Amino acid sequence: MELFVVTLASLLAGFVDSIVGGGGLILVPALFATFPNTHPATLFGINKGASVWGTGIATWQYSRRVPMRWRALLPAAVAGFVASFGGAWLVTVISPEFLRRALPGVLLAVLAYTLVKKELGRQHTPRFTGTTEAVLASCIGAVIGFYDGFFGPGTGSFLVFLFVRLMGYDFLSASASAKLINTGTNVAALILFVSKGHIWWHFVLAMALANVTGSLLGTHLALKHGAGFVRVMFILVVSALILKTSYDAFLR
């Protein structure tokens with residue numbers, strides 16, 4: 001029964017994560033609820049072990065249909081990888097609990113800005129090129145990569161928002177870009193958790209297959225319906241994240 005519950009959660013997480021991020025909103029609480037006495041680092045390791053395959057497949061699917069700005073995104077993915085490794089190491093040393101109370105407010109600001117700026121992310125008009133674009137993308141990758149390794153909830157959504165707001169991408173292109181960087185951050189965190197023994201492979205294998213299945217379904221819908229659909233999903237996922245993180249921070 002435990003394997004069934006977390007595998008189903010992984011399927012749903014892969015679906016949501018492939019469109020706009022936020023799969024951790026589903027999978028991480030499911031893992032904590034199913035295994036309440038397990039070390040958090042082990043549960044984060046299981047989450048990364050499953051989700052890295054979904055984000056990787058989503059990146060490949062998007063790259064076949066969406067123009068990817070590789071000269072900016074590859075350095076950003078490397079920066080995210082390195083920073084995520086640092087964040088994952090830190091979470092094995094200190095608790096990320098202090099972030100719980102700040103996160104709902106940050107997410108609320110992101111949601112409010114997106115709702116007010118109704119044309120935000122509807123048109124793909126990159127603001128930068130060359131070295132400037134690569135440096136800014138790498139800064140985004142490093143900051144959010146560290147956050148992903150250390151804490152994680154909303155990583156994909158933060159990446160999407162920053163690529164839309166700062167880089168001028170539309171929501172579809174931002175989601176595709178976010179998947180590449182998120183794959184790098186997931187790989188880094190997974191390497192760290194595995195090296196520390198925080199992984200249960202007998203759960204990860206089934207969950208990874210489910211995550212990939214959900215990812216394929218979500219990517220198909222995003223590519224079919226475009227930036228407007230991804231924007232709507234972004235608003236829904238961030239709203240759900242606000243509710244979940246507020247409950248975790250103030251009511252539990």
Side-chain angles (χ1 to χ4, degrees), residues 10-27 48 50-81 84 114 120-129 133-134 136-138 140-141 144-145 148 154-188 190 208-238:
S10 186
L11 174 73
L12 296 174
F15 176 80
V16 172
D17 209 44
S18 67
I19 300 173
V20 75
L25 172 69
I26 299 169
L27 186 51
K48 296 302 183 187
S51 62
V52 67
W53 300 100
T55 53
I57 287 294
T59 301
W60 176 67
Q61 288 285 93
Y62 278 121
S63 69
R64 297 171 63 199
R65 300 275 298 276
V66 177
M68 302 282 283
R69 300 175 72 85
W70 295 108
R71 291 186 178 182
L73 295 177
L74 289 177
V78 172
F81 176 93
S84 179
T114 304
L120 184 71
R122 295 189 183 275
Q123 301 295 325
H124 187 58
T125 54
R127 296 191 178 97
F128 308 101
T129 58
E133 183 179 26
L136 184 54
S138 296
I140 293 172
I144 303 303
D148 188 32
T155 292
S157 299
F158 283 134
L159 284 169
V160 170
F161 177 77
L162 290 174
F163 272 103
V164 169
R165 176 62 186 87
L166 298 181
M167 308 291 285
Y169 294 7
D170 66 19
F171 269 98
L172 183 62
S173 296
S175 184
S177 302
K179 293 299 158 292
L180 176 61
I181 296 172
N182 209 179
T183 299
T185 63
N186 284 343
V187 169
L190 179 60
L209 289 174
N211 199 265
V212 167
T213 301
S215 179
L216 289 171
L217 293 172
T219 306
H220 173 75
L221 283 178
L223 290 170
K224 181 179 180 179
H225 296 290
F229 171 75
V230 177
R231 175 188 166 90
V232 171
M233 285 297 296
F234 177 83
I235 291 171
L236 292 175
V237 168
V238 172

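It should be emphasised that the depicted structure is a prediction, and the values quoted were computed from it without experimental measurement. In this chain, residues are counted from 1 in sequence order.
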pair F158-D148: side-chain heavy atoms closer than 4.5 Å = no
Inspect the surroundings of CZ in R71 and state if more than 12 heavy atoms from other residues, nucleotides or ligands are less than 6.0 Å away.
-> no
dist S84:OG -> K48:NZ (nearest 0.5 Å) comes out at 6.0 Å
So, S173 side chain and Y169 main chain: donor-acceptor pair closer than 3.5 Å or not?
-> no
For the student: nearest non-hydrogen atoms of G214 and S18, plus distance = O-OG, 4.1 Å
Look only at the side chain of R127 and the backbone of R165, and say whether a donor-acceptor pair between them is shorter than 3.5 Å.
-> yes
Between Q123 and D170, is a side-chain contact (heavy atoms from CB on, under 4.5 Å) present by the stated rule, with each step listed?
-> CA-CA 5 Å; Q123 301 295 325; D170 66 19; 5.8 Å; no
For L159 against I140, the heavy-atom pair lying closest together = CD2-CG2, 3.8 Å
Atom OG of S63 and atom CG of L73: how far apart are they, to the nearest 0.5 Å?
-> 11.0 Å
Pairwise distance CG(L216) to CZ(F15) - rounded to 0.5 angstrom | 11.5 Å
Test item: L172 and H124 side chains (from C-beta on) under 4.5 Å apart, heavy atoms = no
All heavy atoms of V66 vs all of A176, minimum pair found to be CG1-CB, 4.2 Å
Residue pair S10 / L27: nearest heavy atoms and the distance that separates them = N-CD1, 3.9 Å
If you take all heavy atoms of A137 and A76, which pair is closest and at what distance?
-> O-CB, 3.3 Å
Should R69 and T129 be marked as a side-chain contact (heavy atoms from CB on, under 4.5 Å) after you check the CA-CA gap, both sets of side-chain angles, and the distance that decides it?
-> CA-CA 9 Å; R69 300 175 72 85; T129 58; 3.9 Å; yes
Min side-chain heavy-atom separation L136-M167 under 4.5 Å | yes
Donor-acceptor pairs are to be reported for all side-chain atoms of residues 226-236 against protein atoms at under 3.5 Å, with residues two or more places apart or in another chain.
unit_1, atom_1, unit_2, atom_2, d
R231, NH1, K117, O, 3.4
R231, NH1, L120, O, 2.9
R231, NH2, T114, O, 2.9

Test item: T185 side-chain N/O and G145 main-chain N/O as donor-acceptor pair under 3.5 Å | no
Enter the distance from N186:CG to T55:OG1 here, rounded to the nearest 0.5 Å.
-> 4.5 Å
Rounded distance (nearest 0.5 Å) linking atom CG of N182 with atom CD1 of I144 = 10.0 Å
The side chain to side chain donor-acceptor pair (under 3.5 Å) partners of S177 (sequence neighbours excluded) come to none
What pair of heavy atoms forms the shortest contact from A79 to S138, and how long is it?
-> CB-O, 3.5 Å
Donor-acceptor pair, side chain of K179 and main chain of D17, under 3.5 angstrom = yes
Spacing of CG belonging to L221 relative to CD1 belonging to I19, to within rounding of 0.5 Å | 5.5 Å
Assess whether side-chain contact (heavy atoms from CB on, under 4.5 Å) is satisfied between F163 and I181, documenting all intermediate values.
-> CA-CA 11 Å; F163 272 103; I181 296 172; 3.4 Å; yes
